[in-house]
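FYI, the numbering just counts along the sequence from 1. None of these values were measured; they are calculated from a predicted model. Both backbone and side-chain heavy atoms feed into the values below; hydrogens, waters and symmetry mates do not.
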Amino acid sequence: MMDGNDIASEPSRRGIISQGWTRISQIYQGLLDKWTPHTKSRWVASILLLAIFVLRICLKQGWYIVTYALGIYHLNLFIAFLTPKIDPAMDFDGDDENGPALPTRSTEEFRPFIRRLPEFKFWLSVTKSTIIGFFCTFIDAFNIPVFWPILVMYFITLFCITMKRQIKHMIKYRYLPFTHSKPKYRTVDPAVSVN
């Protein structure tokens, strides 16, 4: 039989669990917020994590399916990172036979390049998936025997075909998803007056 104390204590248990989960979520979000401005450090840590994963795969001589799945997922993230949020191929209004393009003259409307997958989310997804893949290498059920050179050839073929299609898309709609070669404009100093 249940008495009144058991029934009254049930909501408080849920409240404690909910509060604990909320606190863990806040700590996690705080850590992510602290890492946000440190782009180079984040990527160095992710590449180091990926190198540790590859080292484990090479030393253990197994888990090639996990590595292949991780590579395909990272390729998918990379393509989403390179693709604009608003795809010019879908934004066709019919006035140009080549389809819409980014502005090339000063009289045209400026539309900044906005990624479908922002850099921070790209980094976070790469890091999370690498950690998950690393922990999968400790589970023998994922160590399926395969002839790994075939998987490498599949991945290289898929990478080449996908990147060729993405580069053609970038050329056709004239956009560049990287900012290192774009012109940078300086602000005009208000103290300097034009006479």
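- Taken together through direct or relayed side-chain contacts under 4.5 Å among Ile, Leu, Val, Met, Phe, Trp and Tyr, L49 and Y28 form part of one hydrophobic cluster.
- Listed by chain and number, the residues in a side-chain hydrogen bond (donor to acceptor under 3.5 Å, both in side chains) with S129 are H74 (sequence neighbours excluded).
- With rounding to the nearest 0.5 Å, the separation of CG in L48 from CG in L55 is 10.5 Å.
- Between the CG atom in L124 and the CG atom in L117 there is a gap of 10.0 Å [rounded to 0.5 Å].
- In the model, W123 has a side-chain atom that pairs as donor or acceptor with a side-chain atom of T127 under 3.5 Å.
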| query | What do the steps show when you test K60 against T137 for side-chain contact (heavy atoms from CB on, under 4.5 Å), and what is the final call? | reply | CA-CA 9 Å; K60 293 295 183 176; T137 62; over 6 Å; no
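- Taking the six-membered ring for Trp, F134 and F138 have ring centres closer than 6.0 Å.
- Here the closest non-hydrogen pair linking P37 and K34 is CD-O, 3.6 Å.
- Here the CD-OG1 distance, from Q19 to T22, works out to 7.5 Å after rounding to the nearest 0.5 Å.
- If you chain together hydrophobic residues whose side chains sit under 4.5 Å apart, I132 and I144 never meet in one group.
- Residues I24 and I131 do not share a hydrophobic cluster, clusters being chains of Ile/Leu/Val/Met/Phe/Trp/Tyr side chains in contact below 4.5 Å.
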| request: Take W21 and Q26 through the side-chain hydrogen bond (donor to acceptor under 3.5 Å, both in side chains) test and state the conclusion after the steps. | output: CA-CA 9 Å; W21 184 256; Q26 290 171 345; over 6 Å; no
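- By the rule that hydrophobic residues join a cluster once side-chain heavy atoms approach within less than 4.5 Å of another member, I150 and I72 end up as members of one cluster.
- Taking the side chain as every heavy atom from C-beta outward, S125 and Y73 approach each other to under 4.5 Å.
- Considering all non-hydrogen atoms of both residues, V66 and G133 come closest at CG1-O, 3.7 Å.
- To the nearest 0.5 Å, the span separating CE on M170 from OG1 on T83 amounts to 9.0 Å.
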| said: With side-chain contact (heavy atoms from CB on, under 4.5 Å) as the criterion, how do W63 and V146 come out once you've worked through the C-alpha distance, each side chain's angles and the decisive distance to 0.1 Å? | reply: CA-CA 9 Å; W63 291 278; V146 293; over 6 Å; no
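- Note: the hydrophobic cluster containing Y68 also contains V54 (ILVMFWY, side chain heavy atoms under 4.5 Å, direct or indirect links).
- Annotation: the span from N143 atom CG to I57 atom CD1 amounts to 8.5 Å, rounded to 0.5 Å.
- Using a 4.5 Å heavy-atom threshold, the side chains of L70 and F53 count as touching.
- Within the model, atoms CG of L31 and OG1 of T36 stand 10.5 Å from one another, a figure rounded to the nearest 0.5 Å.
- In this structure, F120 and R42 have side chains that are in contact, with non-hydrogen atoms separated by less than 4.5 Å.
- Remark: F78 engages no residue in a ring pair (Phe, Tyr, Trp, His ring centres under 6.0 Å) (not counting sequence neighbours).
- Using modelled atom types, one side-chain atom of R115 and one backbone atom of F81 make a donor-acceptor pair closer than 3.5 Å.
- The side chain to side chain contact (heavy atoms under 4.5 Å, CB included) test with Y64 singles out one residue from F147, W148, F142, and that residue is W148.
- At least one side-chain heavy atom of I65 sits under 4.5 Å from a side-chain heavy atom of L151.
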Listed pairs under 3.5 Å, donor-acceptor, residues 153-168 side chains, sequence neighbours left out:
| unit_1 | atom_1 | unit_2 | atom_2 | d |
| --- | --- | --- | --- | --- |
| T157 | OG1 | M153 | O | 2.8 |
| T162 | OG1 | L158 | O | 2.7 |
| Q166 | NE2 | Y175 | OH | 3.1 |

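- Annotation: side chain of F122 is in contact with side chain of W43 (closest heavy-atom distance under 4.5 Å).
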